[in-house]
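Single-structure report; data block below.
All chains are named by letter (A, B, ...) in the order of the sequence lines, taking the proteins before the strands, and each is independently numbered beginning at 1. Any value given below was found using the heavy atoms of this structure, including those in side chains, with hydrogens, waters and symmetry copies removed.
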Amino acid sequence: VIDVYAITEDGPATLPAAEGADLRMATADGLAAVWAPAPDAREAPEVTLDAIRRHEAIVEALMADRDLLPLRFGSRVDDASAAERLLHTRHDELARALSRVRGTAEVAVRVVAAPGATADPDRALEAVHRPLVRRARAATCRGGAGNDLLRGAYLVPRDEVTGFAVAVGKLQEACPDLRLLCTGPWPPYSFSD
Amino acid sequence: MSRSTSLATSDVALVDLLDRLLGGGVVIAGDITLAVADIDLVHVSLRAMVSSVSKAVAPLDLGEDEPAS
């Protein structure tokens with residue numbers, strides 16, 4: 001059983017040392033899946049914060065010097081051959097997604113109503129999401145659960161992430177009734193399908 | 001330090017992290033059933049994550065973290 005962390009383009013790139021993981025590549029049709037032997041034979045790993053942090057640390061180490069599609073936490077297949085088959089059968093879809101995220105990172109923006117203020121999801125959509133979409137190569141949003149008015153994800157060229165954050169800051173200044181919570185840069189988890 | 005706001009920057013980063021790793025990314029198995037050992041773990045360990053998750057690029061209006069202006 002192997003844990004798969006990311007899909008990248010096939011290449012001679014040296015894999016980073018991350019979290020002590022024994023990273024290897026399975027390749028097929030110009031794509032590569034980065035994987036490591038799973039620490040146990042379970043069908044899916046147990047969800048713990050340590051395991052989640054470790055997955056993210058490995059993906060981020062890979063992202064430092066290559067474009068990639070991150071896999072969801074807990075992505076396991078039987079062996080490297082299964083990973084190769086996956087690259088083969090889903091080649092077109094994966095190659096297309098990979099080309100879309102090339103050179104980018106994902107920035108998350110969550111919007112809640114400022115304390116004491118009244119605001120609805122439409123307000124967040126108009127005042128925050130629309131202007132940010134114009135700065136992003138791609139964007140997704142959903143009405144958040146709970147208190148969230150908006151959960152937006154924006155695909156931004158890596159060298160524009162700082163500028164994007166500045167733009168978020170300006171939107172915050174312009175919208176005292178909203179509170180904008182911005183994190184990133186993330187691997188493109190929201191743009192991998 | 002006391003927090004007057006409900007969400008610290010690091011907490012937001014943790015929520016966004018969980019959102020992404022558990023709900024985003026390429027899915028390769030049909031139906032992964034993940035065993036979330038104990039959901040309270042997330043809350044109990046929030047503070048433990050503070051030092052390891054430092055992803056806020058724009059810490060905005062987050063109580064005492066904000067410089068006086």
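Here the side chains of Arg110(A) and Asp19(B) are in contact, with some heavy-atom distance below 4.5 Å.
No part of Val59(A) comes within reach of chain B, as not one of its non-hydrogen atoms sits under 4.5 angstrom from that chain.
When all heavy atoms of Ile52(A) and Leu21(B) are compared, the pair lying nearest together is O-CD2, 3.3 Å. Of all the heavy atoms in Arg72(A) and Leu22(B), the pair that sits closest is CD-O, 3.5 Å. Closest of all the heavy-atom pairs between Val26(B) and Ser192(A) is CG2-O, 3.5 Å.
Neither Leu23(A) nor Val1(A) shares a network with the other; the hydrophobic side chains, linked directly or stepwise wherever heavy atoms of I, L, V, M, F, W or Y lie under 4.5 Å apart, form separate groups for each.
For the pair Arg20(B) (side chain) and Tyr189(A) (backbone), a donor-acceptor distance under 3.5 Å is absent.
Pairs passing the salt bridge (charged side-chain N to carboxylate O under 4.0 Å, His left out) check and including a residue from residues 23-38 of chain A, sequence neighbours excluded, read Asp22(A)-Arg24(A).
Contacts from residues 84-106 of chain A to chain B, taken as heavy-atom pairs separated by less than 4.5 Å, involve Leu86(A), Arg90(A), Leu94(A), Glu106(A) in sequence order.
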Can Leu17(B) and Thr183(A) be said to form a side chain to side chain contact (heavy atoms under 4.5 Å, CB included), step by step?
-> CA-CA 9 Å; Leu17(B) 174 75; Thr183(A) 64; over 6 Å; no
Determine, stepwise, if the pair Leu49(A) / Leu18(B) fulfils side chain to side chain contact (heavy atoms under 4.5 Å, CB included).
-> CA-CA 9 Å; Leu49(A) 279 180; Leu18(B) 296 175; 4.1 Å; yes
